[in-house]
Amino acid sequence: MKIGSIAKVIFSAAATGALILGVGKFRTEAQQEQPARPAVAAPVTDCFESREGYTARSRVENVVPEYGYPNIICSQTTGGVLWWGDPYDETIPIGDMPDIDDVTKGDYLTEDAVIKPREPQLTYFNMDPDKHCVMCHDGMTVPFPKDKKPRLITMHQDIVEDSMELMHGEGAIWCLDCHNATNRNTLIDHRGKEISFNQPQKLCGKCHGVEYRHWRMGIHGKRIGSWNAGGKKRWWLCTECHNPHTVQINRFRPLKPEPAPVLPKGMKNAAHESVHAPSAGGHGEATPAATH
Amino acid sequence: MPAEEKSKMEEVKGTTISRRQFFKEAGAISAAVAAAAASSVIAPEEAEAKTTFAEFFQNNYRLMTDEEKKEAIARLEKRYSEEFAKKVTVDGAPAMQDVLFGYALNIQKCIGCRRCVHACVKENNQSRHDTEIQWIRVLRMEKGNFTVEDMDKGYPNSPNESFGIQVGGNAYKNAGVALEGQHYYQPERVPEKDAFYFPVQCMQCEKPPCVKVCPVRTTYRDPDGIVVIDYNWCIGCRMCMGACPYWARRFDWGDPHLPAEEMNPKTHYLGNRPRMRGVVEKCTFCLQRTRKGRYTACVEVCPVGARTFGNLLDPASEVRKILDRKKVFRLKADMNTYPKFFYFID
Ligand code: SF4
Ligand code: SF4
């Protein structure tokens, strides 16, 4: 009983410690760690899935006990998820999805398609306007905007950090074309129908029909889990890969790449392959080393 | 451990000897013994002591009876569990019925982040350093361009310019002398404006030249289309590496470096079990996962969903839908290898 509870304490301490280290190593480290955290750079324990700063993942201890290490492995150099143990962890059913057309009703049964819900990750979800907004807004609830004319929003860059870069639909679309002016907890389509943050595909698909169709068929976007048709899969939603605010600037926001492979023995650098020959005959001059 | 298994283990343990001893005690080496021993001729020192007599003499995996397979797997599980100080399982799952695995990769989407490379290393127990082994290589290709001014420049075949195949660029404006794309690119961020990326790994050819040349027939095509290797029978002659037109195979001249805490204990005999020194290895479409219904590690990790995997015999599978609807090509289709790895654009 006692040993069990001690083990539990050590284990939870280990949960905040090193990431990729195995369980065996955790124990010894956790014991040493108890008085003071080591000064070395803390290993990455939280990482992102596709979009940096969007879907954060925390390490989940031993969801798949056979592996003996965490459910996900984060890259120590870029902070991206590098490996999935349990693909369905923290997911919920995708919810109802209408048929697309007679030929393709989408792919899979609703209960076999799961998603990672967005709502629990939203910082400002379900805030009480009378309680929270007024804290900054001078004790007054801010009135709803009167029209939908696009304009840049300089305030609230703390909340929407790319609000000054906002660019979608060649500038013809702005916040309130997708966000609900009267209910900040939902999105809204052009017919005024409320859409949950957990189902952005219903909004995006209104304009991006081909992508939406292909996504329903499984030939656009990302899925993890079981490969067989009809098997259980976690579907990535539109906004898990694309930032709807800036998608026009970058389809995918550029990421830091994982480290390059090491050079073969004896090769000093990779200059031989970074030769550019913008004009005729240029390729010989660009590498002084390559004079034979 | 069940008693029955234990006694089997002890039997094996009793015969654990080093290779040197083995040769001494064996005295006159018959041809058969030589052939069997050849499979581990350059096994690493540490593993050498642990390699059992029985492992020396085991048959080519394909020729083993089910009983022999079970024994071989039990031997390995024991050896690995000791070596890596945790419970390691070695799976022997055969190919699934009515399944032919295929892969599709959207090169228009790939951003060159190399996450697939490192996911693969973690999943498949590759050597982490000295020698660093990676089964996937992402090549950076420069985008070519063409302007009216280039019209009169002609095909680059002047003495100044004749350097063979061009990558990126076009007949008028060559992008560089890199014949196979750039392997070691390391910009701050990817994707870069003037480049696209081209991941290469084993294509699981339907007519695999690597299989044709293997003198000991230790690499072969399984019925689900995966070209596998029985590492124990690999003599390290590297004929297959020369035969493969896609540079898909890797060879470790030294001892593999796989930290015990990073070792993936769910392994398959023909897949990601730890390799010894001096054998050839390559991508197996993660058969330890995919034969159990799970996507490969590279599919799951790709942040942009460029990678798709599935059953080519099932019209409802994602790969088949891609073949039906997208613009698809295969690398070096002229080599007559019939790869089951398809590249496509939207
Ligand atoms: S890509 Fe190379 S290693 Fe893979 S099956 Fe084809 S020839 Fe063999
Ligand atoms: S993980 Fe995906 S985007 Fe990144 S290099 Fe591999 S295929 Fe390309």
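As the structure is a computational prediction, the values presented were derived from the model and not from experiment. We name chains A, B, ... by the order of the sequence lines, and we start the count at 1 in each one.
- For the pair V90(B) and E77(B), the tightest heavy-atom approach, listed with the atom from each and the gap, is N-OE2, 2.8 Å.
- Residues K116(A) and T91(A) come closest through the heavy atom pair N-CG2, 4.2 Å.
- Taking C241(A), P264(A), P87(A) one by one and counting their heavy-atom pairs under 4.5 Å with chain B, the maximum is reached by P87(A).
- Within the 4.5 angstrom heavy-atom criterion, only side-chain atoms of V99(B), from C-beta onward, approach chain A.
- Legend: salt bridge (Lys or Arg N to Asp or Glu O under 4.0 Å) pairs involving residues 74-83 of chain A, not counting sequence neighbours: none detected.
- What you find for E240(A) and S50(A) is that their closest heavy atoms are O-CB, 3.2 Å.
- Counting heavy-atom pairs closer than 4.5 Å to chain A, the top residue among T296(B), T290(B), V299(B) is T290(B).
- Among L82(A), L255(A), N250(A), the residue with the largest count of heavy-atom pairs under 4.5 Å with chain B is L255(A).
- Comparing R320(B), E192(B), R307(B), E188(B) by heavy-atom pairs within less than 4.5 Å of chain A, the highest count is held by E188(B).
- For a residue to count as touching a neighbouring chain, one of its non-hydrogen atoms must lie under 4.5 Å from one of that chain's; by this rule H242(A) does not touch chain B.
- Every side-chain hydrogen bond (donor to acceptor under 3.5 Å, both in side chains) that R137(B) has, sequence neighbours left out, goes to H183(B).
- Residue Q134(B) touches chain A through its side chain alone, counting heavy-atom pairs closer than 4.5 Å.
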